[in-house]
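Worksheet: one structure, shown below.
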Amino acid sequence: MREIIVDSAMSFSEALAEKEIPDNIRKTLSLVEIPHYSFDGKLHQGQLVVHADVAQEIRRIFDRLAEKRFPIARVIPIVAYGWDDDRSMVANNTSAFNYRPIRGTDRLSCHSFGLAIDINPALNPCIQYDGEVVPPGARYDPGQPGTVTADIAPLFKSCGWEWGGDWHNKDWQHFQKTV
Ligand SMILES: [Zn+2]
């Protein structure tokens, strides 16, 4: 059997604790186990909260990332970071569901429905409309392992996900799906 380092072993209710989430959204969410390679070259067990409609394909996409040995630092539901996207990004944490608006707006983000995923955010920053880079000091270097590039993006895009790296205002960490 493969040895696996368990980074996250929450129950569904633990993964959604201490956050007001509308019931109609809560009941569509699913907690998915995500085996992945980290930067130590070892297999880790993380978890993602996603919309139940995409749970299967997300599992498959992350299996493909693991087959490719694409390193992902950690995959821990954002409750572990107090639902604070900034703290999660600085920790280079990959996460999906968070009930929150799009940064700098009052519109709900696709993350609010478990239909967006941010991958290795410290390596794949988001450039704000005003030019601010988040997380602060992050630099996009496609040569670095763990960087989301045009090599990786098709795994998601072939399942109908949009990549923020294709947008005018770059958000390289971000994939989202409209279902
Ligand atoms: Zn995002």
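We count ligands from 1, going down the list as the structure has it; atoms in each ligand are counted the same way. All residue numbers refer to positions in the sequence shown, counting from 1.
Among pairs with a residue in residues 98-142, those fulfilling ring-ring contact (aromatic ring centres under 6.0 Å, His included) read H111-H174, Y140-W172, at least two apart in sequence or across chains. Screening residues 40-53 for salt bridge (Lys or Arg N to Asp or Glu O under 4.0 Å), with sequence neighbours left out, gives no hits.
Looking at H174 and the Zn ion (ligand 1) together, the shortest N, O or S contact belongs to ND1. Shortest distance from the Zn ion (ligand 1) to D118 is reached at OD1 (N/O/S atoms only).
At least one N, O or S atom of H111 sits under 2.8 Å from the Zn ion (ligand 1).
Just one of T94, I4, D7 meets the side chain to side chain contact (heavy atoms under 4.5 Å, CB included) condition when paired with H36; it is D7.
Note on ring orientation: taking the six-membered ring where Trp is involved, the planes of W161 and F156 are perpendicular (angle over 60°, cut-offs 30° and 60°).
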